[in-house]
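Okay, so here's the structure we're looking at.
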Amino acid sequence: MEKFFTKNEKETQKLAQILAKEILKTPKSTKEALVIGFEGNLGAGKTTFIQAFAKGMGIRGRLTSPTFVLMKKYGNLYHLDCYRIKDSKDVLAMDFKEIISDPKNIILIEWAEKIRKILPKSKIWIKFKILGKRERLIIFGVN
Ligand code: ADP
Ligand code: MG
C-alpha cells in the first residue's frame with residue numbers, strides 16, 4: 001500500500017499522470033483487462049484523477065463525468081461511475097464481462113466498492129480521503 005497526500009487539484013492530476021505513465025510502460029501479464037477501482041466520498045477527487053489519468057494515457061479531449069450514463073468509452077479506456085447503481089446486475093447488462101475479459105482494456109470505476117463482487121480478483125484499488133478543503137489522502141493498493 002502506498003499513501004500520497006495532495007494539497008490541491010494539480011497535485012492529484014500529477015499523481016494520476018505518473019500512474020498512467022507507469023502503467024503504459026509496464027508489460028501486462030494478466031489475461032484480463034486492467035481494472036482500477038476508486039473509492040471515496042463525493043468531491044474527493046475521483047473524477048479529477050481519472051481525467052488526468054486518461055490524459056497521461058494519451059487520450060485526447062476532456063472526459064466528462066459519466067454519473068448519468070454509467071459508462072463511457074474512449075478507445076480501450078472505459079470510465080464507469082457506479083454512484084447510482086443499486087445492483088451489480090445493471091453493470092453486467094452492459095456486456096461488462098466481455099469488456100473485462102479483453103486484456104487490451106483499461107477500466108476505471110468510480111464507487112467501485114458497490115460492484116466489488118463482479119470485479120476480477122486482481123485489480124488496483126485507489127481510496128480517496130478528504131482531509132481539508134484541498135487536502136486529500138490517496139491510498140494505492142493492489143488486490
Ligand atoms: P469525485 O469524482 O470524487 O466526486 P471530483 O473529482 O468530481 O470528485 O471533484 C473534486 C473537487 O475537489 C473538484 O472540484 C476539485 O477541484 C476539488 N479539489 C480540491 N482539492 C483537490 C485535490 N487535492 N485533489 C483533487 N480534487 C481537489
Ligand atoms: Mg466523480
Side-chain angles (χ1 to χ4, degrees), residues 1-85 88 90-143:
M1 226 161 66
E2 273 186 275
K3 290 185 178 181
F4 299 90
F5 289 96
T6 66
K7 291 197 296 289
N8 53 50
E9 178 179 317
K10 267 220 170 86
E11 286 191 1
T12 296
Q13 290 165 334
K14 202 165 171 190
L15 182 64
Q17 295 202 358
I18 291 169
L19 178 68
K21 301 230 159 82
E22 280 304 312
I23 287 171
L24 278 181
K25 66 180 189 209
T26 308
K28 267 218 93 210
S29 52
T30 55
K31 292 189 194 72
E32 284 175 313
L34 172 69
V35 172
I36 311 181
F38 294 82
E39 197 177 337
N41 288 339
L42 269 181
K46 302 178 295 299
T47 303
T48 299
F49 187 105
I50 288 169
Q51 285 167 341
F53 181 92
K55 203 173 162 198
M57 284 262 153
I59 308 277
R60 288 206 231 148
R62 193 173 165 80
L63 269 78
T64 50
S65 180
T67 298
F68 298 100
V69 295
L70 186 56
M71 182 164 80
K72 283 198 175 174
K73 178 180 184 330
Y74 304 85
N76 284 116
L77 190 133
Y78 291 81
H79 180 192
L80 274 76
D81 189 330
C82 297
Y83 183 60
R84 276 159 220 279
I85 283 283
S88 306
D90 300 345
V91 176
L92 290 174
M94 313 181 300
D95 296 327
F96 193 66
K97 281 263 158 68
E98 218 177 297
I99 296 166
I100 267 188
S101 65
D102 186 342
K104 288 196 296 295
N105 292 337
I106 294 176
I107 310 172
L108 308 167
I109 310 170
E110 298 188 44
W111 300 93
E113 69 274 19
K114 291 183 139 194
I115 59 161
R116 203 189 288 264
K117 64 179 183 195
I118 63 162
L119 297 178
K121 278 205 196 90
S122 152
K123 57 194 169 299
I124 297 173
W125 202 264
I126 304 180
K127 243 187 201 169
F128 285 73
K129 290 198 173 139
I130 302 177
L131 301 180
K133 194 163 180 280
R134 298 210 162 77
E135 295 78 17
R136 304 288 189 268
L137 174 62
I138 303 174
I139 307 164
F140 285 20
V142 183
N143 63 13

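Counting all heavy atoms, side chain and backbone alike, Arg136 lies closest to Gly43 at NH2-O, 3.1 Å. The two residues Glu11 and Phe5 make their nearest non-hydrogen contact at OE1-O, 3.9 Å. The two residues Trp111 and Lys46 make their nearest non-hydrogen contact at NE1-CE, 3.7 Å. Residues Leu80 and Met94 share a closest heavy-atom pair of CD2-CE, 4.2 Å. Closest heavy-atom contact between Ala16 and Ala52: CB-CB, 3.8 Å. Nearest heavy-atom pair across Cys82 and Ile109 is SG-CG2, 3.8 Å.
The side-chain contact (heavy atoms from CB on, under 4.5 Å) test with Glu32 singles out one residue from Pro103, Pro120, Ser101, and that residue is Pro120. When the options Leu108, Ile36, Ile50 are evaluated for a side-chain contact (heavy atoms from CB on, under 4.5 Å) with Ile126, the one that passes is Ile36.
Residues Gln51 and His79 have side chains that never bring a donor and an acceptor to within less than 3.5 angstrom of each other.
With a 6.0 Å radius and a threshold of 12 heavy atoms from other residues, nucleotides or ligands, Lys14 has its NZ atom at or below the threshold.
Taken from CG in Leu119 to NZ in Lys114, the straight-line distance is 13.5 Å, to the nearest 0.5 Å. Between atom CD1 of residue Ile124 and atom CD1 of residue Ile107 there is a gap of 12.0 Å, rounded to the nearest 0.5 Å. Between Met57 atom CE and Gln17 atom CD the span is 11.0 Å, to the nearest 0.5 Å. Between Glu135 atom CD and Asn8 atom CG the span is 9.0 Å, to the nearest 0.5 Å. A distance of 10.0 Å separates CG of Asn41 from NZ of Lys129, quoted to the nearest 0.5 Å. Leu15 contributes atom CG, which lies 5.0 Å from atom CZ of Phe49 (distance to the nearest 0.5 angstrom).
Side chain of Asn105 to main chain of Ala33: no donor-acceptor pair is present (N/O by atom type, distance under 3.5 Å, no hydrogens or angles).
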- Message: Show, in sequence, the C-alpha distance, side-chain angles and deciding distance for Arg84 and Leu70, and conclude whether the side-chain contact (heavy atoms from CB on, under 4.5 Å) test is met.
- Response: CA-CA 8 Å; Arg84 276 159 220 279; Leu70 186 56; over 6 Å; no
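Using a cut-off of 4.0 Å between Lys/Arg side-chain N and Asp/Glu carboxylate O, Glu39 and Arg116 are scored as salt-bridged.
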